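What you see below is based on every heavy atom in this structure, not just the backbone, and it leaves out hydrogens, waters and symmetry mates. Counting starts at 1 for both ligands and their atoms, following the listed order. In this text, all values refer to a predicted model and were calculated from it rather than measured experimentally.
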Amino acid sequence: MNNKAIGIFDSGVGGLSCVKELLHCLPGENIKYLGDTLRMPYGVKTIAQLHTCAKDNVAFLQRRDVKLIAAACGTVSSNVPKEHLDNLSVPFVDVINPTVRAALKATKNKRIGIIATPATVKSNSMGRRLKELDSDVEIISVGCTDFVPLIESGHIDDDIIRASARGYLAQIQEFGVDTLILGCTHYPIIAKVIGEIMGSCVALIDSGRETAIGIKMTLEKLELLNGRSEGGTAEFFVTNNTEAFDSVAKVFLGEDAHIKSILKGIEE
Ligand code: DGL
């Protein structure tokens, strides 16, 4: 049993797709969330820049004495191996394994699409892992450069995001997938739009949700849950642009979210 909080980071609002599921499946746990909005988007950064961001985020959360850290970020998970986080001293969960396993469970025709940031697609982290686990799967990956900036500016259910999504998804529809990995944790925020375009026969795999399930399983295995079934708190820290984060967070998490505070920038 451990009463410390769970630490989660992403470049911005994306990791809220993980928080949303955590609020549901571990309602008694406390959460400390860092959105690195100052350096967002991560998906067009170099590997060296991503290493710096990941290490800074880990350091920030560890200063807040968390019991586990999750990179609720497909881009960091794909480009910064855990072994390279030399300042990490708590258990670590990333996006790749839980997400890929959920996709393999969902697919029947073994044709899987991946949409993610350019840096995630370039790394081929998810495609490689899918093939390792099932060499028969056929995969199509598309980098969606515009999604994160659009989502961060509040375009989550309008004509602008719809037009952008239609463009990215056309080739995936042609490929005949029955399962689509939303490989960037921002994308579940626009799952409604993506689902309308892909149709109800295509299973959408929410990388944020799957990461939350990965966190739960890790805490259970390591006996680090706090044992409470309600009353958890969530604290949100951002490095910049508090207002935009606040409004997307409210729309996405809804009024039910027991948000304790949205802090204006990080203090160090
Ligand atoms: N939500 C993150 C991901 O899963 C970061 C996206 C970005 O900042 O480009 O990849």
Side-chain angles (χ1 to χ4, degrees), residues 7-22 33-58 69-82 92-100 102-103 113-127 129 141-156 161 164-165 168 180-191 194 204-215 236-241 244-245 248-249 252-253:
I8 297 174
F9 73 83
D10 178 47
S11 66
V13 294
L16 297 180
S17 55
C18 175
V19 172
K20 188 172 186 159
E21 178 63 22
L22 278 181
Y33 182 94
L34 174 61
D36 188 10
T37 43
L38 182 65
R39 293 184 288 192
M40 181 281 294
Y42 279 4
V44 290
K45 291 201 184 308
T46 63
I47 292 178
Q49 288 171 325
L50 291 169
H51 273 74
T52 304
C53 294
K55 281 187 186 178
D56 291 351
N57 296 343
V58 163
I69 293 178
C73 173
T75 307
V76 165
S77 304
S78 298
N79 290 285
V80 186
K82 180 183 153 189
F92 185 75
V93 172
D94 75 19
V95 166
I96 311 297
N97 254 313
T99 302
V100 160
I114 301 169
I115 50 171
T117 66
T120 297
V121 169
K122 193 168 168 211
S123 77
N124 192 29
S125 62
M126 294 195 186
R129 190 72 187 121
S141 305
V142 177
C144 307
T145 315
D146 294 342
F147 275 176
V148 167
L150 285 175
I151 294 165
E152 288 282 341
S153 19
H155 296 285
I156 58 179
I161 194 75
S164 175
Y168 289 129
L180 177 61
I181 294 179
L182 311 185
C184 166
T185 53
H186 278 73
Y187 301 175
I189 297 172
I190 56 163
I194 294 170
L204 302 184
I205 306 300
D206 176 336
S207 54
R209 177 174 182 272
E210 299 308 330
T211 305
I213 295 169
I215 292 170
F236 297 89
F237 301 84
V238 288
T239 47
N240 192 17
N241 196 11
F245 183 92
V248 178
F252 185 61
L253 293 181

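Within 4.0 Å of ligand 1, counting heavy atoms only, the contacting residues are Asp10, Ser11, Pro41, Tyr42, Gly43, Cys73, Gly74, Thr75, Thr117, Val148, Cys184, Thr185, His186.
One N or O on the side chain of Ser207 and one on the backbone of Leu182 form a donor-acceptor pair closer than 3.5 Å. Put simply, the side chain of Lys45 never gets that close to the backbone of Thr75: no donor and acceptor are under 3.5 Å apart.
Residues meeting the side chain to side chain donor-acceptor pair (under 3.5 Å) test with Asn124, sequence neighbours left out: none. Residues passing the side-chain contact (heavy atoms from CB on, under 4.5 Å) test with Lys20, sequence neighbours excluded: Phe252, Leu253.
The salt bridge (charged side-chain N to carboxylate O under 4.0 Å, His left out) pairs that include a residue from residues 182-191 number zero, where partners must be two or more places apart or lie in different chains.
Between Phe245 and Tyr33, the ring planes are tilted. Angles from 30° to 60° get that label.
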